[in-house]
**Q** 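Input: one structure, supplied below.
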There are 2 protein chains.
Amino acid sequence: MTLKKKTSRSGSGTTMAEVAALAGVTKMTVSRVLRHPEKVNPDTRKRVTTAMAELGYIANRLAGGLNAGTSGLVAAIVPTLRHSLFADTLEGISDVVSEAGLGLFVSSSAYRSDVEESQIRSILERRPDALMLTGLTHTKAARDLLRGFGIPVVETWETGDDPVDMAVGYSNREAAHAMTAELIRSGYRRIAFVNGPAENNERARHRAEGYLAAMKEAGLSAPPIHVVHDEAAIRPETGAKAIRVLRQQSDIDAVFFTSDIFAVGAILACRELGIDVPAQLGIAGFHDLDVGRVVSPTLTTVQVPAMEMGRKAGHMILARLAGKRLATHRQDLGFSIISRESTRRPH
Amino acid sequence: MTLKKKTSRSGSGTTMAEVAALAGVTKMTVSRVLRHPEKVNPDTRKRVTTAMAELGYIANRLAGGLNAGTSGLVAAIVPTLRHSLFADTLEGISDVVSEAGLGLFVSSSAYRSDVEESQIRSILERRPDALMLTGLTHTKAARDLLRGFGIPVVETWETGDDPVDMAVGYSNREAAHAMTAELIRSGYRRIAFVNGPAENNERARHRAEGYLAAMKEAGLSAPPIHVVHDEAAIRPETGAKAIRVLRQQSDIDAVFFTSDIFAVGAILACRELGIDVPAQLGIAGFHDLDVGRVVSPTLTTVQVPAMEMGRKAGHMILARLAGKRLATHRQDLGFSIISRESTRRPH
DNA sequence: ACCAAATAGGATACCGGTAACACGGAGAAA
DNA sequence: TTTCTCCGTGTTACCGGTATCCTATTTGGT
């Protein structure tokens, strides 16, 4: 038998016109049933809904969106999904925007602004209604692109002076400052600082600044910052390695890691090396991950509002899409210092 | 001044027609420059690309997709993003499909099939090219919907007899069986099993089956299965509570938790209660999370291919989209038992 | 019984691209 | 020269909806 040009791809292919034909109306009426049901006579409406059910009709949002010039999509770019922190942020924004009927488009940039830029380009081709970014570091081209495009953009995980549009985060500088001060308060003096690479990551840079400022204010000299490069993922072994290097280099009495993962690796290494934490060496981390609660001694760390930043970003986006002018484009959600055993220095 | 109907929303609003006008061609030629550059005279091409740059033109994939009947989107539904395991799976599929120019659409179902069903409905309205699901438990309506729609569907995290389309995972039944056997081999006999609720989660159900089978094969009687309900997130405290209940109920000598989080909570509780792990009580977990490597004693667990499942799912989808008939629609990626201190029974 | 207002649904155009075909002109073959 | 091709571009139609305007009935007030 001869196939018609338009093979009915069953369900997936059913169009409004087919539904209309079956119900004996035009597609405009079908469209009304979906969009403004009150404007359609109940009997007709019934006929149409029956026809839709019979054919298993599924509306095509692409078509509708083309008309409306919108996609119903919120895009989010995170450095990686393999870090529970960013996944928490995504869960937060997902919760909020999906409530509003918007979908979440996700991509991960591997901590690279150039990758991020190319992702932004391809994301904009999908005409998202809004965009969530991680951090404030973007290529100039990316910033221009976003500014020109005009959709709401929220940057997360850091607060700063010159957001592309809106920002929600906490101050990594203050957080690192506060933790350093906490270590000093606990009696530590020769405090080393272990950071990730700061070039493409203003969070790391700001934390370094906070640390240095706190040391300076206390009149302490800061040992050289130890930078660790973790390729694929952030691994505890890297923290362990840092400990071995540091204790040969200088007579430090505490180490402040900018990730709990590193800090925990360090604690385990100290156990092996016979270094008493916290008596001989205080150890602090960052992010308040599960591991820090479980390791012994438990880890002093900085708690950050990972999920809350996502939720807040979602709310800001929704508010803007609803046409509201926001009172503030920048939200600082703060952080808190969680003091646990790893810095409880006996005196 | 009077606004034209079509306000140039700068960048975001630039259309192919505007580029065409500036370059002195029709939009068809602009389209060709993007899609089949070789068919366009180099001079013309240059004029067009210049015009695109000048106007900051960004193609609209919605429009192109409407024509092609495709969205360039792969959708993925996970129970939650707050569990690093599922985030790992997403990272896997994201890596693979984004390489192919496809985008990732994510939603989380909160472990509920009814929510999943409604998400599937709204996802299909976006005409994704393929769909990734977690688990094999779906409402009948959801299965019918997907079968009728005809796009590639991959179910992950479990293997079973009747996938909607394709499946990639490991056998939770065999994994639980193997771990139970491992405990028995280590000398434990009164082995309790702590599971999450199994109604909407065939992974939990299969693990229970595997445990029971292994006990039976060894001629051991299984204590009643202890089911824990963790509302929002999976928390260590729940494991701790389970331990307190269990040790009053029966004279068990080992507990097999179906999550490392619970198991770790249990280990910490044992430390408080003065129960010696592994001498008095063996403890095993599931999933091989970071916490299990860090806690003391380190946790015996089942390692599952979280990220690999995502990658494999991505590859299967790409193969199908490329028109290949797959040799096998079901992939078992296996698991491995990681034996650590928490079940190293002294004899 | 007559006209205005309200109601229900159709006709048309358009969203921003792209496939398919048409067409004019240049160079090759005859 | 004339005819045949190929090349580069324009024309037309369509993807699947929706806003807008328009027409044909009701409905109701007087």
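All chains are named by letter (A, B, ...) in the order of the sequence lines, taking the proteins before the strands, and each is independently numbered beginning at 1.
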**Q** Specify the residues of residues 33-48 of chain B, ordered by number, for which at least one heavy atom lies under 4.0 angstrom from an atom of DNA chain D.
**A** B:Val40, B:Asn41, B:Thr44
**Q** Walk along nucleotides 20-27 of chain C from 5' to 3' and tag each nucleotide B, S or - by protein heavy-atom contact under 4.0 Å, base first, then sugar-phosphate.
**A** B-------
**Q** Taking B:Asp165 first and then B:Arg147, would you say they form a salt bridge - that is, a charged N and a carboxylate O separated by under 4.0 Å?
**A**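 Not counted as a salt bridge, because no side-chain N and carboxylate O are separated by less than 4.0 Å.
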**Q** For B:Met16 and D:dG10, give me the distance from atom CE to atom P, rounded to whole Å.
**A** 13 Å
**Q** To the nearest angstrom, how far is B:Arg127 atom CZ from D:dG17 atom C1'?
**A**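 After rounding, the reported distance stands at 11 Å.
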**Q** May I have the distance from A:Met52 (atom CE) to D:dG16 (atom P), rounded to whole angstrom?
**A**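 It works out to 17 Å between those atoms.
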**Q** Between B:Glu202 (side chain only) and B:Thr137 (backbone N and O only), is there a donor and an acceptor less than 3.5 Å apart?
**A**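 Between the backbone of B:Thr137 and the side chain of B:Glu202 there is a qualifying donor-acceptor contact (under 3.5 Å).
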**Q** Determine, step by step, whether B:Leu104 and B:Ser98 satisfy the side-chain contact (heavy atoms from CB on, under 4.5 Å) criterion, reporting the C-alpha distance in whole Å, the side-chain angles of both residues, the deciding distance to 0.1 Å, and the verdict.
**A** CA-CA 7 Å; B:Leu104 185 67; B:Ser98 68; over 6 Å; no
**Q** Donor-acceptor pair under 3.5 Å: do we get one between A:Asn67's side chain and the base of D:dG17?
**A** yes
**Q** Is it the case that atom CD in A:Glu38 sees more than 12 heavy atoms from other parts of the structure closer than 6.0 Å?
**A** yes
**Q** Touch check for A:Val30, heavy atoms < 4.0 angstrom, all strands: base, sugar-phosphate only, or nothing?
**A**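 It contacts nothing in the nucleic acid.
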**Q** Phosphate oxygens OP1/OP2 of D:dG16: is one of them under 4.0 Å from a side-chain N or O of A:Tyr57?
**A**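 Negative; the distance criterion is not met.
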**Q** What I want to find out is whether A:Arg121 reaches A:Glu117 closely enough, with some N-O distance under 4.0 Å, to be called a salt bridge.
**A**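 Yes.
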**Q** Between A:Glu125 (CD) and C:dG16 (P), how many Å, whole number?
**A** 15 Å
**Q** Of B:Thr29 and B:Ala63, whose closest DNA chain D nucleotide lies nearer the 5' terminus?
**A**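 Result of the comparison: B:Thr29.
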**Q** Testing B:Leu34, B:Val48, B:Asn60 one by one against B:Met16 for a side-chain contact (heavy atoms from CB on, under 4.5 Å), which residue passes?
**A** B:Leu34
**Q** Check the phosphate of C:dT18 against B:Ser31, side-chain N and O only, distance under 4.0 Å to OP1 or OP2. Yes or no?
**A** yes
**Q** Considering only NZ, NE, NH1 and NH2 on the basic side and carboxylate oxygens on the acidic side, decide whether B:Arg143 and B:Asp162 come within less than 4.0 Å.
**A**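 Salt bridge: yes.
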**Q** Quickly work out the A:Leu62 CG to C:dC14 P distance and round it to whole Å.
**A** 22 Å
**Q** CG of A:Asn60 versus C1' of D:dC15: gap in Å, rounded?
**A** 9 Å
**Q** What integer distance in Å separates B:Leu66:CG from D:dC14:C1'?
**A**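 B:Leu66 atom CG is separated from D:dC14 atom C1' by 9 Å.
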**Q** Do side-chain atoms of B:Gln119 reach the backbone of B:Ser108 as a donor and acceptor pair under 3.5 angstrom?
**A** yes
**Q** Are the side chain of B:Arg47 and the backbone of B:Ala23 linked by a donor-acceptor contact shorter than 3.5 Å?
**A**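 Indeed, once roles are kept as given, a pair shorter than 3.5 Å links the two residues.
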**Q** What is the distance, rounded to the nearest whole Å, between atom CD1 of B:Ile58 and atom C1' of C:dG17?
**A**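 In whole Å, C:dG17 C1' lies 16 Å from B:Ile58 CD1.
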**Q** The side chain of A:Thr26 is closest to which nucleotide in this list: D:dG17, C:dG17, C:dA11?
**A** C:dA11
